[in-house]
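This report concerns only the one structure given below.
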Amino acid sequence: MQQKIRFQIEGMTCQACASRIEKVLNKKDFVESAGVNFASEEAQVTFDDSKTSAADIAKIIEKTGYGAKEKTEDALPQPEETMHVSWRLWLLLAINIPFLIGMAGMMIGKHDWMIPPVWQFALASVVQLWLAVPFYKSAWASIKGGLANMDVLVTIGTVSIYLYSVYMLFFSPHAAHGMAHVYFEAGVMVIGFVSLGKFLEHRTKKSSLNSLGLLLKLTPTQVNVQRNGEWKQLPIDQVQIGDLIRANHGERIAADGIIESGSGWADESHLTGESNPEEKKAGGKVLAGALMTEGSVVYRATQLGSQTLLGDMMNALSEAQGSKAPIARVADKAAAVFVPAVVGIALLTFIATWLVKGDWTVALMHAVAVLVIACPCALGLATPAAIMVGMGKAVKHGIWFKDAAAMEEAAHVDAVVLDKTGTLTEGRPQVAAVYCVPDSGFDEDALYRIAAAVEQNAAHPLARAIVSAAQTRSLEIPAAQNAQTVVGAGIAAEVEGVGLVKAGKAEFAELTLPKFSDGIWEIASVVAVSVNGKPIGAFALADALKADTAEAVGRLKKHNIDVYIMSGDNQGTVEYVAKQLGIAHAFGNMSPRDKAAEVQKLKAAGKTVAMVGDGINDAPALAAANVSFAMKGGADVAEHTASATLMQHSVNQLTDALLVSQATLKNIKQNLFFAFFYNILGIPLAALGFLNPVIAGAAMAASSVSVLSNALRLKRVKID
């Protein structure tokens, strides 16, 4: 049986490391697929659990030289520890200071600022023989695994500089005269800059790219729980299902639950993306992470931790951020051959420079600069960094993408197919117009009272709408007896003080409707009413458009996205709704198979199609579309089939999803361009001697941080 599992990977230093783990895992016959995300430091593996286990896969990863810790769905993602500068990095930076001063002096002609060669040797030896050991271990593990990572380049370059300088200081003919040219500062400063760059890169990945830390802060650490009739302050991990918990004004809800007492308003924007507070009162639901903006409630916990909607969202976000977008294959392919190619270029640079310049010292410096300037990290971070930020931004708008591939595909959408009921409309029929037969002796209020008396015995949505409308008018609804339902026609009952009342289709109540000037009667569902065989009136019931539907359709059209309505309702009703919204393509009387077939036609015509729906009948079309969106709380099969879930039943949120995806893909392309441009420009400059190893090391460290900084710009992108 196929099983999917996730591991947190420790020890990766660049994309080549991620590629190596993927290569090793994908060679195993019991692994269906394996993907490793360098930015999130996570591996996702689908395997046959009849042939192996999660523990065995972890051991395989560990044999490649990395740590692997299984991530379970039952536990919430853990908050990242605050990253501090290690003593090793502090010591390394301290050793760099005298070399920095010396180099600054040489730039202005003050060569005596540089410390004596013997002291340079002593400090460089501390760095190369001790502080640089992690680079050597990583490089050796990488080579043993059959691939070469960034640390291989750094190791070859800095060791070459160190050994050359040692030779020149102690063994060259110039050493006895104190005229040896040494470059200890280059090796020390390369190790220093690269280490600092790694720290900044790692801190950014852990603290800024990922939105999980912010979500974790939404759950309180201490809560007021009732135990043995007394209220006690307890840690959140001691709360049990069934406990009564109190949340006052300004406090956050700790668990999903049902309100037992109290009332107030709660902000649930962390889940829905909608900042308007929701009213909460006895019998209603509360969701973990919600902020009580007003009032106080006592609720009974029904779900805790990862079982809450917040926990489900956090695990979904964690998994989605750890997945890989198809565009990442560009960087993966480049990273797989990058380091060997750079070593080859460095070797050619050394030979060519030696032949041209006749100075193997200059040749060595050029070759080392080539090794150090090359940066597979920027390539590896280009796609996943943007995906992580984009996913977090989508979640803030109430959009849950299942994986990075869905987000990338959504960025290409140029046609949107919308179901009508529950997507464009409220999904709840309402009384849109009322007709009273002249001289029947019954006015509008009487018509409501009599119809509601009969319809309160029915479960049909139209019946509930009439009863609700009568209650809204505060009308007293009389009792009805001997109710009988005629399937496909209506319902009849004896109403106290009135007689035999029928409510249903026009022919069932023997009513012939006149011609109306109001077009609503042509597209609405009609419920006619008769008393003792004489028609007295009728109701036109229609499904009202959602408040933001027109705005959402306008936004889609503004961004050159074609909009289609496909509904099972009659063609007249669908066309009426389409006319209200300015939608040119409207299809009614469509079966689930018809919807899926029409989506396939659009795809065949070259469209990238997004389908939105919330019902079981939408599932085939959702599966047929390039990317699909289901409404949270709709049919389970629709949510399971869809590529993403919208927490609000709003087409506006769909538009947000498409625009966030477009912004994310644009950011990915910018990152990839920068990463490729950096290497395409930097390597030739280093080979020609325009960059020394120190500058190359600083530039290499800055390249990764630049890619991460560009990805973080996504947080500030406006979605309109």
Side-chain angles (χ1 to χ4, degrees), residues 14 16 99 102-103 106-107 111 114 117 120-121 124 128 132 135-136 139 142-143 147-191 193-194 334-376 378-379 675-701 703:
C14 70
F99 289 104
M103 286 198 67
M106 286 191 289
M107 293 176 67
H111 294 275
M114 182 62 78
Q120 292 183 45
F121 164 71
Q128 291 295 161
F135 286 92
Y136 306 154
S142 176
I143 292 170
L147 288 172
N149 63 10
M150 179 193 74
D151 291 339
V152 172
L153 300 179
V154 173
T155 296
I156 294 174
T158 58
V159 169
S160 298
I161 292 174
Y162 176 76
L163 293 177
Y164 165 79
S165 298
V166 169
Y167 169 78
M168 293 299 292
L169 179 61
F170 296 109
F171 305 106
S172 74
H174 303 287
H177 305 287
M179 299 175 61
H181 292 285
V182 294
Y183 297 93
F184 288 117
E185 77 281 356
V188 170
M189 295 176 71
V190 165
I191 294 290
F193 282 133
V194 173
V337 297
F338 187 85
V339 174
V342 169
V343 172
I345 293 171
L347 184 59
L348 288 174
T349 298
F350 178 80
I351 296 171
T353 304
W354 192 1
L355 291 175
V356 173
K357 298 280 188 178
D359 187 338
W360 71 281
T361 302
V362 174
L364 178 62
M365 290 300 105
H366 288 196
V368 170
V370 169
L371 291 171
V372 174
I373 192 70
C375 184
L379 280 173
F676 279 111
F677 179 77
Y678 164 84
N679 284 292
I680 290 171
L681 181 64
I683 291 175
L685 287 176
L688 294 172
F690 292 105
L691 297 174
N692 65 42
V694 174
I695 303 243
M700 190 267 275
S703 65

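Scope of the values below: all heavy atoms of this structure, side chains included, with no hydrogens, waters or symmetry mates. Quick note: residue numbers are just sequence positions, from 1. Because the structure is predicted, anything quoted here is derived from the model rather than measured.
I683 contributes atom CD1, which lies 5.0 Å from atom CD1 of I345 (distance to the nearest 0.5 angstrom). In this structure, the separation between CG on L371 and CD1 on I156 is 6.0 Å, given to the nearest 0.5 Å. Atom CD1 of I695 sits about 13.5 Å away from atom CZ of F690, to the nearest 0.5 Å. From Y136, atom OH reaches atom CD of Q128 across 4.0 Å, with rounding to the nearest 0.5 Å. Once rounded to the nearest 0.5 Å, the distance linking CE of M168 with CG of L163 reads 13.5 Å. Separating the OG1 atom in T353 from the CG atom in D359 is a distance of 10.0 Å, to the nearest 0.5 Å.
Looking at heavy atoms from C-beta onward, H366 lies out of side-chain contact with L688 at the 4.5 angstrom threshold. The shortest distance between side-chain heavy atoms of V372 and F193 does not fall below 4.5 Å. Residues Y183 and T361 meet the side-chain proximity criterion, which asks for heavy atoms closer than 4.5 Å.
Relative ring orientation between F170 and F121 is described as perpendicular, the plane-to-plane angle rising above 60° on a 0-90° scale split at 30° and 60°.
A pairwise comparison of heavy atoms in A139 and T155 identifies CB-OG1, 3.7 Å as the closest pair. Contact between P693 and V190 at its shortest, heavy atoms only, is O-CG2, 3.2 Å. Scanning both residues, L153 and A374, for their nearest heavy atoms gives CD1-CB, 4.0 Å. The two atoms that bring V368 and S160 nearest to each other are CG2-CB, 4.4 Å, heavy atoms only. Between Y678 and A696 the shortest heavy-atom distance is OH-O, 4.3 Å. Minimum interatomic distance between T158 and G187 (heavy atoms only, all atoms of both residues): CG2-O, 3.9 Å.
With hydrogens and angles disregarded, no donor-acceptor distance shorter than 3.5 Å links the side chain of T349 to the backbone of A367.
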**OP:** Go through the steps for F338 and N679 under the test side-chain contact (heavy atoms from CB on, under 4.5 Å), then give the verdict.
**Re:** CA-CA 10 Å; F338 187 85; N679 284 292; 3.3 Å; yes

